[in-house]
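Have a look at the structure below before the remarks.
Below, each value reflects all heavy atoms present in this structure, side chains not excepted, and no hydrogens, waters or symmetry copies. In this text the structure is predicted, and so the values were computed from the model without any measurement.
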Amino acid sequence: MSHVAFALVLALALGFFSYNAQRLVRYLRIGHDENRLNDIPRRAWNLLRIGIAQTKILRDPLAGPVHALVFWGFLVLQVGALEIIAQGLIPGFTYAKILPGPLYWLFLASQELTAAAVLAAVALLLYRRIVVKPRRLQGDGVHSGDAIFILSLIGALMVTLLVTSATDRALGVDHPAAVQPLSAALAQLFASVPHGAVQAIHHVSWWLHALLILTFLNYLPYSKHLHVIVSLPNTFLSNTSGPGTVGAMKKMDLEQETEVFGAADVTHLSWKNLLDGYSCTECGRCTSVCPANITGKALSPRKIVVNTRQRLLEVAPAIVGGDDVFGMPFIGAARGDAESRAALLDHKLLDNFITEEELWSCTSCRACVYECPVSIDQLEIINEMRRNLVLTESRFPEEVQPAFESLERNGSPWAFQPSERAQWAEGMDIPTMAELWERGERPDILFWVGCMGSFDDRAKKTTVAFARILQAAGIKFAILGQEETCNGDPARRMGNEYLYQMLAQQAIETLNRYEVFTIVTSCPHCFHQIGNEFPQFGGNYEVIHHSTYIERLLADGMVPLKHETGEKLVMAYHDSCYLGRYNDVYDAPREALKRALPVVQLVEAPRSRDKGLCCGAGGGRMWMEERVGQRINVERKKELLATGAEAVAVACPFCMTMLNDAGMKLESTVPVYDIAEVVAARIEARSGDGEARPSEGRSEAGE
């Protein structure tokens with residue numbers, strides 16, 4: 001009779017779960033279509049590396065191993081859960097009947113030890129959430145009660161598993177104590193309990209365990225712990241670690257998307273963006289590394305994803321029909337009359353859930369995306385909503401308008417004339433592509449200077465320094481001069497895809513006209529844009545950042561450096577987001593510094609390399625005021641100064657400006673240098689050089 005009852009309970013539980021699964025899948029379908037089944041080998045690798053091996057989770061040295069233990073334990077215990085279900089359906093079933101003795105003992109030991117480890121991990125996580133209360137687990141939209149309930153449920157599962165095993169042994173099931181050490185010890189507690197009572201405890205414990213499994217399964221669709229089911233599929237389907245170009249924004253088809261540009265609501269996002277909402281664990285790792293949030297801004301990447309999920313669950317029932325196959329409102333949705341449905345449809349993700357202030361606070365540094373343990377792309381949602389603000393509603397910060405106008409008129413976000421673009425090169429005998437083309441010559445590389453390198457007085461020193469390195473190494477290079485225009489990256493990051501595509505296509509046309517193959521640039525934003533996003537429009541080039549190029553020249557001994565070692569210099573290197581997290585370039589700048597300054601002592605800020613803190617200029621923030629909270633560049637400069645560095649090195653003109661500005665605010669005398677300046681200062685003076693060069697690295701790098 002109990003097997004019939006269990007079969008009935010199981011059928012009801014699976015039926016209810018299937019109902020919820022189809023409900024959630026129907027909700028996803030209100031998002032627009034997107035192919036995420038390409039490059040299966042790469043996706044499988046991401047699943048193994050990030051999903052199964054939990055590499056992202058383990059980046060947190062404290063909570064990471066504990067969470068990973070619960071995840072791995074969950075996988076191991078599923079084998080035991082299947083045996084429980086089979087026992088409920090088939091009288092007398094046990095794996096012992098189909099497995100050889102040693103293998104069955106291994107199974108018993110795995111269940112026993114895993115249950116004990118998960119129980120300990122759950123206790124630690126409960127203590128952390130209830131007593132310690134880390135900052136990243138606090139905030140709007142965080143379901144702490146839900147987390148505590150789920151952890152308690154998991155703990156109860158482990159307790160009933162151990163009690164069931166212990167009573168099994170007390171009732172005479174004989175397995176070596178070594179494979180069930182905890183159950184064997186617990187069984188001793190039942191030694192003096194009457195046989196009938198032990199049978200009753202065993203029966204109740206088994207049923208409790210089975211019902212907890214089914215309750216857990218059916219609670220997940222209504223919990224933030226839905227990620228238990230969807231995080232692995234989400235990791236497999238994600239592009240945040242490839243396939244595709246990491247960090248590249250989606251191309252918009254401006255001819256097709258004529259009514260609504262970007263995303264104002266969940267119906268304008270892709271089904272994968274919506275699946276990200278289901279997958280969010282609310283762990284807050286994304287928000288804890290967000291430079292805007294760290295410095296007191298409204299933006300929380302976790303809230304962006306949680307709000308997307310909330311809006312989806314609010315509006316989807318009204319869109320897909322509202323009532324289920326039983327003629328009842330979808331569970332979790334209010335039965336709606338026409339008026340209430342109209343009110344729901346009148347809401348939007350933009351404004352009702354996510355504000356303009358949050359969206360414009362983003363620096364596009366990708367720290368949130370990089371840190372997410374289940375491969376959610378928070379930045380893609382932000383970018384799509386910025387596009388809607390700019391292209392559909394013409395809503396953007398007032399100070400951005402001049403940058404848009406200058407980009408359109410002058411091909412630069414600043415109001416400089418194209419004729420001024422190559423003034424930095426006067427007297428340096430640097431040819432333009434047009435001049436070489438006219439002579440029928442081709443350069444080894446095109447030096448893409450970028451807008452900052454062309455117009456900003458401080459950045460021009462980097463431009464000159466890199467050009468001197470190229471000349472000293474004997475590299476045949478050219479610049480575009482007046483023909484160079486902004487590649488459009490600022491416009492794209494600020495949501496103005498129309499302007500971006502115009503500028504990108506113009507630049508590609510120029511590059512293709514000169515049959516450019518290899519481009520070197522000192523700007524990580526240009527490096528990423530030309531190398532990774534221009535291919536969307538037919539611009540395919542080998543693009544090298546100047547840090548990598550300089551490191552190669554130094555490694556090949558092509559740059560004649562002075563032999564004097566000079567005085568020892570303590571230097572901190574600041575990682576550019578578009579060089580590091582976007583393009584995985586971390587070592588080349590550091591190696592270039594070491595090769596140029598053999599006695600340099602490189603020190604690292606606590607947040608460096610892939611955990612580096614943004615300078616605050618990305619995502620178009622260079623052209624926006626920072627009115628709320630601490631300034632991001634000041635926060636970063638404080639970290640760098642705290643290392644005791646006598647100089648700070650950068651490999652990005654944006655970082656250079658932001659850190660210099662922060663230094664002035666902090667009244668710091670610690671200078672900031674681009675790595676090209678450090679290397680150029682060490683170039684050995686040749687006889688006949690008209691310009692005196694500093695004799696020591698410290699004297700130049702410390703002035």
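- Residues Trp424 and Ile479 meet the side-chain proximity criterion, which asks for heavy atoms closer than 4.5 Å.
- Between Val672 and Arg458, the closest heavy-atom pair is O-NH2, 2.9 Å.
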Decide side chain to side chain contact (heavy atoms under 4.5 Å, CB included) for Phe477 and Asp444; before the verdict, give the C-alpha distance in whole Å, the side-chain angles of both, and the deciding distance to 0.1 Å.
CA-CA 6 Å; Phe477 70 101; Asp444 297 329; over 6 Å; no
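- Residues Gln401 and Glu405 have side chains that bring a donor and an acceptor to within less than 3.5 angstrom of each other.
- Rounded to the nearest 0.5 Å, atoms CG (Leu503) and CG (Asp489) are 11.0 Å apart.
- Across every non-hydrogen atom of Val679 and Ala592, the tightest pair is CG2-O, 4.2 Å.
- Using a 4.0 Å cut-off between charged nitrogen and carboxylate oxygen, Arg627 and Glu399 count as a salt-bridge pair.
- Within the 4.5 Å cutoff, side-chain heavy atoms of Arg439 are placed close to those of Leu436.
- At a threshold of 4.5 Å between non-hydrogen side-chain atoms, the residues Val449 and Ser522 do not count as touching.
- Not counting sequence neighbours, Lys56 has no partner by the salt bridge (charged side-chain N to carboxylate O under 4.0 Å, His left out) test.
- Residues Leu597 and Leu569 have side chains in contact (heavy-atom distance under 4.5 Å, counting atoms from C-beta outward).
- Summarising the geometry of Asp60 relative to Arg136, their closest heavy-atom pair is OD2-NH2, 3.0 Å, with the distance given to 0.1 Å.
- Between Leu640 and Ala605, the closest heavy-atom pair is CD2-CB, 4.1 Å.
- The aromatic ring centroids of Phe466 and Phe447 lie less than 6.0 Å from each other.
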Donor-acceptor pairs under 3.5 angstrom involving side-chain atoms of residues 615-624: please list them, not counting sequence neighbours.
from, atom 1, to, atom 2, distance (Å)
Arg621, NH1, Trp360, O, 2.7
Arg621, NH2, Glu625, O, 2.7

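- Arg631 places a side-chain heavy atom less than 4.5 Å from the side chain of Asp661.
- Remark: Arg552 engages no residue in a salt bridge (charged side-chain N to carboxylate O under 4.0 Å, His left out) (not counting sequence neighbours).
- Of all non-hydrogen atoms in Arg421 and Ser412, the two that sit nearest each other are NH2-CB, 3.8 Å.
- Within the 4.5 Å cutoff, the side chain of Ile304 has heavy atoms near those of the Glu358 side chain.
- Under the rule for a side chain to side chain contact (heavy atoms under 4.5 Å, CB included), the partners of Pro243 that lie at least two apart in sequence or sit in another chain are Asn38, Asp39, Arg42, Arg43, Asn46, Asn239.
- Proximity of a side-chain donor or acceptor of Lys460 to a complementary backbone N or O of Gly453 within less than 3.5 Å is not detected.
- A donor-acceptor contact closer than 3.5 angstrom links the side chains of Lys297 and Thr295.
- Taking the centre of each ring, Tyr514 and Trp437 come in below the 6.0 Å mark.
- Donor-acceptor pairing under 3.5 Å is lacking for the side chains of Asn633 and Asn660.
- The closest donor-acceptor contact from the side chain of Gln378 to the backbone of Cys372 lies at 3.5 Å or more, if one exists at all.
- With sequence neighbours excluded, no residue forms a ring pair (Phe, Tyr, Trp, His ring centres under 6.0 Å) with Phe534.
- With no hydrogens or angles considered, a side-chain donor-acceptor pair links Gln529 and Tyr500 at under 3.5 Å.
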Quick one: do Val543 and Val520 satisfy side chain to side chain contact (heavy atoms under 4.5 Å, CB included)? Show the steps, please.
CA-CA 6 Å; Val543 186; Val520 181; over 6 Å; no
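- Applying the salt bridge (charged side-chain N to carboxylate O under 4.0 Å, His left out) test to Arg590 and every residue at least two apart in sequence or in another chain returns Asp575, Glu604.
- Looking at Gln501, its side chain never comes within 3.5 Å of a backbone N or O of Arg492 through a donor-acceptor pair.
- Screening residues 581-622 for ring-ring contact (aromatic ring centres under 6.0 Å, His included), with sequence neighbours left out, gives His528-Tyr582, Tyr578-Tyr582.
- With contacts defined as side-chain heavy-atom distances shorter than 4.5 Å, the pair Met494/Val390 does not qualify.
- Nearest heavy-atom pair across Ala478 and Leu446 is O-CD1, 3.4 Å.
- Salt bridge annotation for Lys250-Glu533: absent, with no cationic side-chain nitrogen under 4.0 angstrom from a carboxylate oxygen.
- In this structure Glu542 satisfies the side chain to side chain donor-acceptor pair (under 3.5 Å) test together with Thr518, sequence neighbours excluded.
- Using the six-membered ring where Trp is involved, His525 and Phe654 have ring planes that are tilted, between 30° and 60° apart.
- In terms of the side chain to side chain contact (heavy atoms under 4.5 Å, CB included) criterion, residue partners of Ala459 (sequence neighbours excluded) are, by chain and number, Met452, Asp456, Pro653.
- With sequence neighbours excluded, the residues satisfying side chain to side chain contact (heavy atoms under 4.5 Å, CB included) with Arg135 are Asn293.
- Listed by chain and number, the residues in a side chain to side chain donor-acceptor pair (under 3.5 Å) with Arg387 are Glu384, Glu497 (sequence neighbours excluded).
- In this structure, Ala642 has no side chain to side chain contact (heavy atoms under 4.5 Å, CB included) partners at least two apart in sequence or on a different chain.
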Is there a side chain to side chain contact (heavy atoms under 4.5 Å, CB included) between Val289 and Lys611? Walk through the geometry before answering.
CA-CA 8 Å; Val289 296; Lys611 293 184 177 179; over 6 Å; no
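- Considering only heavy atoms from C-beta on, Thr240 stays 4.5 Å or farther from Val246 through its side chain.
- Taking a cutoff of 4.0 Å between a charged side-chain nitrogen and a carboxylate oxygen, Arg366 and Asp377 do not qualify as a salt bridge.
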Please lay out, stage by stage, how Lys461 and Glu677 fare under the test salt bridge (Lys or Arg N to Asp or Glu O under 4.0 Å).
CA-CA 7 Å; Lys461 293 182 180 179; Glu677 294 178 287; over 6 Å; no
